[in-house]
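Chain letters run A, B, ... following the sequence lines, proteins first and then strands; every chain starts at 1.
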There are 2 protein chains.
Amino acid sequence: MAEALTGEAILVATEEVLRRYGPAKATVVDVAKALGVSHGSVYRHFPTKAALREAVTRRWLDAIHVEMESVLDAEASAADNLRAWLQHLFDRKRLSHVDEPELFATFKVLVSESRAIPEYHIGHLVGQIARIISAGVETHEFVTDDIQRTAQAVWDATQVFHHPAHAQEWGNPHIQDAFDAVVSLVVAGLRYNRIPSATGDA
Amino acid sequence: MAEALTGEAILVATEEVLRRYGPAKATVVDVAKALGVSHGSVYRHFPTKAALREAVTRRWLDAIHVEMESVLDAEASAADNLRAWLQHLFDRKRLSHVDEPELFATFKVLVSESRAIPEYHIGHLVGQIARIISAGVETHEFVTDDIQRTAQAVWDATQVFHHPAHAQEWGNPHIQDAFDAVVSLVVAGLRYNRIPSATGDA
DNA sequence: GGACTGACAGATATTGAAATCTGTCAGCTG
DNA sequence: CAGCTGACAGATTTCAATATCTGTCAGTCC
């Protein structure tokens, strides 16, 4: 008898099926076939196809989160950390897009299927930006009166370089130049930024 | 006998047909029907359906270009002009998106059909940003060693607030707050920005 | 008796034949 | 004869019949 069927094994098989067939064609039956079980068995571990897809996506995003964490260097200046972090995120997404466009397209679709998933992903990464900015404020390298809001602004200002909707622009030969220009503008802004309060002031 | 059929009349009718049927369903036959002529006549004025769609789109974009031009105030500071200009562009697109979502979706499709059209539109608007920044540099309000590149960076950093791919986010109640945060960051950056040269330096 | 199967109902996707559309052009019309 | 028509060929879209898929569950098998 084969090993017992685990959720983890199903996730691995699902990722493989998605890679092979793409998000539109991949079916639960395909996953079951790849595992040599009936598709009913898959439903013992995941209540719906959507839940299965979401679990695969979370796995993939978690790997990115861990990887991004490792870019930070406690010794470096906040500006250098922010630059390196943004560059790494850009490189990661761009490489994924040019090297394995079908897999990238697959995850682009998966991420857009749920409201919770992008929220989870963006929340996590904006949190990492907030930590970088926070360190910068402590050393007086950066100025801001609302770290969370500023972190979100940095994220928003760099969307062209990580949002999948802009992936087609990443093939442009001048894209690295455009990236440097935006990041320089943002870092310069952080050194002197004082965002007026959202809801009103004197 | 009716008036002679003009290119302008065809454009007006095409816009109406697009508004009514949407970009997927609108046909040249529909346009001809609306004008009370045979569809062969439309082809005397526009060589292909694509050319007709492109002409309609250019008309629509030109109206935006003229409108954006009128926002600038020679008396105001460069920062105020930039803020007002970006805010107007954002409001224009957002209102169009919520008030007439089908028409907005239509033009979103039309713009994405051609490579030349977005280039034309973006080139024009980035040119307007460059003029604002240029004025700011002259009064020493802004610092930059490459106006064109910086203008492009300002455009890129604010994509979330004008690129149609992000239109769904414009319904978020905190979107104006996010806009203010990004614009403040960008304006702060312009006051002190010195982007390192693209191709290398000392 | 807990894990799995396979048959089933309703929902979704595929397919290919029929209908429509695009772009052309010879000829009509004022 | 300049501008328009309408019939036409090939490309594209529509639609309905057919096949497949999702999610359930009574029953089988260690």
Side-chain angles (χ1 to χ4, degrees), chain A residues 1-58 102 105-106 108-110 112-117, chain B residues 1-58 102 105-106 108-110 112-117:
Chain A
M1 180 215 277
E3 309 286 307
L5 184 61
T6 65
E8 181 67 14
I10 293 174
L11 290 179
V12 171
T14 304
E15 201 170 320
E16 177 57 22
V17 167
L18 281 168
R19 188 190 300 266
R20 207 192 284 289
Y21 298 96
K25 293 273 182 74
T27 70
V28 177
V29 172
D30 291 330
V31 173
K33 218 176 290 176
L35 289 162
V37 300
S38 87
H39 78 279
S41 301
V42 174
Y43 283 94
R44 309 206 120 260
H45 297 263
F46 297 93
T48 64
K49 187 187 187 183
L52 176 57
R53 284 168 164 249
E54 186 168 323
V56 170
T57 310
R58 274 209 144 82
E102 288 172 31
T106 296
K108 176 176 159 179
V109 170
L110 293 184
S112 70
E113 271 171 3
S114 141
R115 292 201 168 251
I117 285 273
Chain B
M1 181 215 283
E3 309 287 308
L5 183 61
T6 65
E8 182 67 16
I10 293 174
L11 290 180
V12 171
T14 304
E15 202 170 319
E16 177 56 23
V17 167
L18 281 167
R19 188 190 301 265
R20 206 192 284 289
Y21 298 96
K25 293 273 183 75
T27 71
V28 177
V29 173
D30 291 330
V31 173
K33 217 177 290 176
L35 289 162
V37 301
S38 89
H39 76 279
S41 301
V42 173
Y43 283 95
R44 309 206 119 258
H45 296 263
F46 297 93
T48 64
K49 186 186 187 183
L52 176 57
R53 283 169 165 248
E54 186 168 322
V56 170
T57 311
R58 275 210 144 81
E102 288 173 31
T106 295
K108 177 176 159 179
V109 170
L110 293 183
S112 71
E113 272 172 2
S114 142
R115 293 203 165 248
I117 285 274

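- In plain terms, the two heavy atoms of Arg53(A) and Leu110(A) that are nearest each other are NH1-CD2, 3.3 Å.
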Under 4.0 Å protein heavy-atom contacts per nucleotide of nucleotides 9-29 of chain C, with B for base, S for backbone only and - for none: -----S------SBBB-----
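- Partners of Arg20(B) under the side chain to side chain contact (heavy atoms under 4.5 Å, CB included) rule, at least two apart in sequence or in another chain, are Glu16(B).
- In this entry the distance linking CG of Leu52(A) with P of dC21(D) reads 15 Å, nearest Å.
- The local environment of CD in Glu113(A) is crowded, with over 12 non-hydrogen atoms from other residues, nucleotides or ligands closer than 6.0 Å.
- When side chains are defined from C-beta on, His39(A) does not count as touching Val31(A), because their heavy atoms never get closer than 4.5 Å.
- Under 4.0 angstrom from either OP1 or OP2 of dC4(C) there lies no side-chain N or O belonging to Ser41(A).
- Applying the side chain to side chain contact (heavy atoms under 4.5 Å, CB included) rule to Ala51(B) yields the partners Pro47(B), Thr48(B); only residues at least two apart in sequence or on another chain are considered.
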